[in-house]
Amino acid sequence: MTEEVAGGTEAGTDPVEAARRALASVGTFLMSAADLWRSIGADADAWVRFSAHWEELAPDPYAAEQGVHRLRRYGRFRYRAADGALAPTAHREFVQPDDSNALYLARDRHFEPLTAAFLEDPLFERTVKLVGRIAPVLDEAPEWTVWVHPFRVVATADDEGRPTPEGLHRDGVTLVSSLLIGVDNAVGGESSVFGPEGDRLLTTTLREPGTFLLGDDRCTRHGVSPIRAVDRGKPARRDVLVVTCVPS
């Protein structure tokens, strides 16, 4: 097994096209931070502003039942493929699609909504629309339901942080993506993607803010190993933005 690392696409190659080709042929794609930043028009100042929204997340009481210190918020949107229009839908409970998460089968979970500042941040909308541009390679649906989940997983001296306490899993959607926002004082957090026959398609540790991992959730499973604190005297954190979508 070899570890896959994110790298820039060849000069003149559109990262969106590269993602589409890989998802259609392999089922997963790792976009470099440089390509992601270029695709959504990010720079260092914009990223600092965007990552600050992760300081406003709320505790996840359902993860706490598993002994996991996780913070999050949640929003649901409608994306129109023809013109890229993105519109929020009414905030409501989150039910894992397709009963895909064994920890929360048919369970309604209530999370705090996304903040107004998060919704107004240009990088939020550009990131979601980037996912919308990639998704049609998996299904030519005219409209998509999009779920947006900013997460922070925390590890302490006494407890590791578990980004995926459910283990290897599907999200019950068509396209699943995880954007690394930042990591502090943490080791671990290895992401793995497996094919339908259990074959390992990709293993990588997202380290550089902006690295973007995508997968065809219909035919792959994914998971992330625990994180641990490097300096046991202070907490460790791993911040990601998970965007998933399915035809409406």
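A salt bridge is defined here as a Lys NZ or Arg NE, NH1 or NH2 lying under 4.0 Å from an Asp or Glu carboxylate O, and R78 with E143 meets this definition. Ionic pairing of E56 and R73 is not present here: no N-O contact between side-chain nitrogen and carboxylate oxygen is shorter than 4.0 angstrom.
For R20 against R133, the heavy-atom pair with the smallest separation is NH2-O, 2.5 Å. Across P150 and Y74, no two heavy atoms sit closer than the pair CD-N, 4.5 Å.
The side chain to side chain contact (heavy atoms under 4.5 Å, CB included) check on A117 picks up H53, T115, with sequence neighbours excluded.
With values rounded to the nearest 0.5 angstrom, R92 atom CZ is found 10.0 Å from H110 atom NE2. A distance of 9.5 Å separates CZ in F212 from OG in S39, rounded to the nearest 0.5 Å.
Remark: R72 is positioned above the aromatic ring of F111, its terminal NZ or CZ atom under 6.0 angstrom from the ring centre and at most 45 degrees off the axis.
Classification of the F94-H149 ring pair by plane angle, with boundaries at 30° and 60°, yields perpendicular.
No side-chain N or O of R218 forms a donor-acceptor pair with one of T174 less than 3.5 Å apart. In the model, T204 has no side-chain atom that pairs as donor or acceptor with a side-chain atom of S191 under 3.5 Å.
Within the 6.0 Å centre-distance limit, the rings of W54 and F118 are counted as a close aromatic pair.
Within the 3.5 Å criterion, the main-chain N or O of D217 finds a donor-acceptor partner in the side chain of R170. Here the side chain of R76 pairs no donor or acceptor atom with the backbone of T89 at under 3.5 angstrom.
With side-chain heavy atoms closer than 4.5 Å counting as contact, directly or through intermediates, V68 stands alone and belongs to no larger hydrophobic cluster. Counting side-chain heavy-atom gaps under 4.5 Å among Ile, Leu, Val, Met, Phe, Trp and Tyr, the cluster of V187 also holds V230.
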- Do L57 and E112 pass the side chain to side chain contact (heavy atoms under 4.5 Å, CB included) test, and can you show the C-alpha distance, the side-chain angles, and the key distance before you say yes or no? CA-CA 8 Å; L57 302 185; E112 293 296 318; over 6 Å; no

